[in-house]
Protein chains: 2
Amino acid sequence: MPTLSMQDYAKALYVLEQRQPGRISTSALASYLDLSPAAVTEMLHRMAKVQPPLVDYRPRRGARLTTEGQRLALRMLRRHRLLERFLHDVLGFPLEQVHTEAERLEHAVSDAFIQRLAAWMGEPKSDPHGHPIPGPDLQPPDAPGRPFRSLAPDARAQVVQVCDRDPEQLRRLAALGLRPGQRFRVLERDPYEPVFRIRLEPQGTEVLVGPRLAAALRVEPLATEASSS
Amino acid sequence: MPTLSMQDYAKALYVLEQRQPGRISTSALASYLDLSPAAVTEMLHRMAKVQPPLVDYRPRRGARLTTEGQRLALRMLRRHRLLERFLHDVLGFPLEQVHTEAERLEHAVSDAFIQRLAAWMGEPKSDPHGHPIPGPDLQPPDAPGRPFRSLAPDARAQVVQVCDRDPEQLRRLAALGLRPGQRFRVLERDPYEPVFRIRLEPQGTEVLVGPRLAAALRVEPLATEASSS
DNA sequence: AACAAAATTTAGGCAACCCGAAATCCACGC
DNA sequence: GCGTGGATTTCGGGTTGCCTAAATTTTGTT
């Protein structure tokens, strides 16, 4: 509901570029952020015009983060994930609520706040959804696995990351018993838009599974911390 | 630096009305918030027009909070002071920095956040400056003492509240050894704009002392937790 | 009571962000 | 090689908050 800032756009560009490397189109960003393409075009112009520029924007051929823009995105991602960790672990917010709360907070906290909070919490390395938290140096964290690997029925899998942008879905997933770290065997699925990352048991590969997963994917929970293979 | 909202105006009106009961003039609010009178006039109009109205505004004769406006102010004050407590006690922010940080955070946190934070911290009753924290019911906290009592030289006093709006001054005061709870004997002062509340030792009365205090007031630190009388 | 000074409000502008509609551009099919 | 549909950008508007300058009311004199 609050109006979005350059930071939000940078974060979105970073996430989208992770999914699908290369330039991000105006419409892709617009639909991800749920804004009109016109609004995105304008903002991209602004982001290309500030000093230092945050994006390399070429009209009609999309945008891509500059090094500076990437640092900004990673700074916001670090804030977001650290805050989620705090909200969940310390204040006890349920998993479906931490994203929305962190989304508002990440714009209000200072670097000093984040530095102190991280130290106080013992420098956590991942958020409660399983996403890695960028370090203070703002280096891109290891991308654990590539998106869009195939997830065949009957494969065994473990949830590595859960997308935190859709509370409704998080609730449905929780109802299915899907939590980070949880292992599964895949029974059936509809390969569509990626939403969360799953590690396949035998090969150790990872995949992203789509938003319609709750409806399309059938899994069989296995023991959580079972031995390997 | 960020633009102010109705919440900020409500908080300011509440604080000013505490100091000096009655309608608050446009210029008093403008100088307190460091804005042009024109900006204040506009916002007062908006606050009188929303449903339910937050202020009772009569052109050219100032404004006063409605019950609804007062509740808003107290909600923000509760957030602010609770956050200051957290920043200081948990994250270890120095006293001079907590105000600025809380000022930004108080707009980003939800009621659920505040409810959980307060519970987690054990429902603290005052902020690190000594201001009382309004309860979840948002009843006006006891106003401890009336402003503008006279503070005669040679009186013994104890700092009850320290104004948190001026970091520079907080630093100077800290240098003088002035902290909440600290007792003093007053040696000399210039009675001017109130800044912090001091409890006089023999009478138990309280006064507010002005921003130029560091330059004008001379006090003699006494034992902090000495016996009564 | 009449005025000038002080306080306040109105008017005109600016900066961020957003939207819908109209104008453009590009690329693919024929 | 030429349409044409889909993506993108441009244009005209709208909102919130703030500012300066000008207009207006109130206040405090004398």
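To find a chain, count down the sequence lines: A is the first, B the second, and so on, and within it residues start at 1.
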| For A/R79 and A/V109, which heavy atoms make the closest approach, and how far apart are they? | NH1-O, 3.2 Å
| Whole Å only: how far is the CG atom of A/L35 from the C1' atom of D/dT9? | 16 Å
| request: Select base, sugar-phosphate, or nothing to describe what B/S36 touches, counting heavy atoms under 4.0 Å on all strands. | output: base
| field | Contact residues, residues 5-16 of chain B to DNA chain D [heavy atom, < 4.0 Å] | value | B/Y9
| task | Would you check if the side chain of A/R81 reaches a backbone N or O of A/P132 as a donor-acceptor pair within less than 3.5 Å? | result | yes
| request: Give me the one residue out of B/L72, B/L33, B/I24 that meets side chain to side chain contact (heavy atoms under 4.5 Å, CB included) with B/L13. | output: B/I24
| message | Just to be sure I understand the rule, does B/P37 reach a base, reach only the sugar-phosphate, or reach nothing, if contact means heavy atoms closer than 4.0 Å? | response | base
| request: Would you mind telling me which of A/E84, A/R85, A/H88 makes a side chain to side chain contact (heavy atoms under 4.5 Å, CB included) with A/H129? | output: A/E84
| Value in whole Å for how far the C1' atom of D/dC18 lies from CG of B/L44 | 15 Å
| message | Tell me every residue that passes salt bridge (Lys or Arg N to Asp or Glu O under 4.0 Å) with B/R71, counting only those two or more places apart in sequence or in another chain. | response | none
| field | Rounded distance (Å) that lies between atom P of D/dC18 and atom CG of B/D34 | value | 11 Å
| query | Taking 5' to 3' order, which nucleotide of DNA chain C is first and which is last to have an atom within less than 4.0 Å of a heavy atom in chain A? | reply | C/dC17 to C/dC25
| Should the ring pair A/F86 and B/W120 be called parallel, tilted or perpendicular, given that the plane angle runs from 0 to 90° and is split at 30 and 60? | perpendicular
| request: Without swapping roles, check the side chain of A/R104 against the backbone of B/A108 for a donor-acceptor pair under 3.5 Å. | output: yes
| Rounding to a whole Å, what distance do you find between A/E42:CD and D/dT9:C1'? | 10 Å
| query | So which heavy atom on A/R60 is nearest to which on A/Y57, and how close? | reply | N-OH, 4.4 Å
| field | Close approaches to DNA chain D from residues 45-58 of chain B, in residue order (heavy atom, under 4.0 Å) | value | B/R46
| Under the 3.5 angstrom rule, does the side chain of A/T26 hit a backbone N or O of A/T41 as a donor-acceptor pair? | no
| said: Taking the side chain as everything from C-beta on, heavy atoms only, tell me whether B/L74 gets closer than 4.5 Å to B/P140. | reply: yes
| request: Pick base, sugar-phosphate or nothing for A/T3, based on heavy-atom distances below 4.0 Å to the nucleic acid. | output: sugar-phosphate
| note | To the nearest angstrom, the CG-P distance between B/L29 and D/dG17 comes to 14 Å
Below 3.5 Å is the cut-off: list the nitrogen or oxygen pairs between protein and nucleotides 21-27 of chain D, distance only.
| from | atom 1 | to | atom 2 | distance (Å) |
| --- | --- | --- | --- | --- |
| D/dT25 | O4' | B/R60 | NH1 | 3.2 |

| query | Under the salt bridge (Lys or Arg N to Asp or Glu O under 4.0 Å) criterion, do B/E17 and B/R23 qualify, and how do the steps go? | reply | CA-CA 7 Å; B/E17 202 165 325; B/R23 290 191 168 282; over 6 Å; no
| remark: Taken in chain and number order and not counting sequence neighbours, the residues that satisfy side-chain contact (heavy atoms from CB on, under 4.5 Å) with A/A73 are A/A10, A/Y14, A/L65
| Taking the six-membered ring for Trp, are A/H99 and A/H80 ring centroids under 6.0 Å apart? | yes
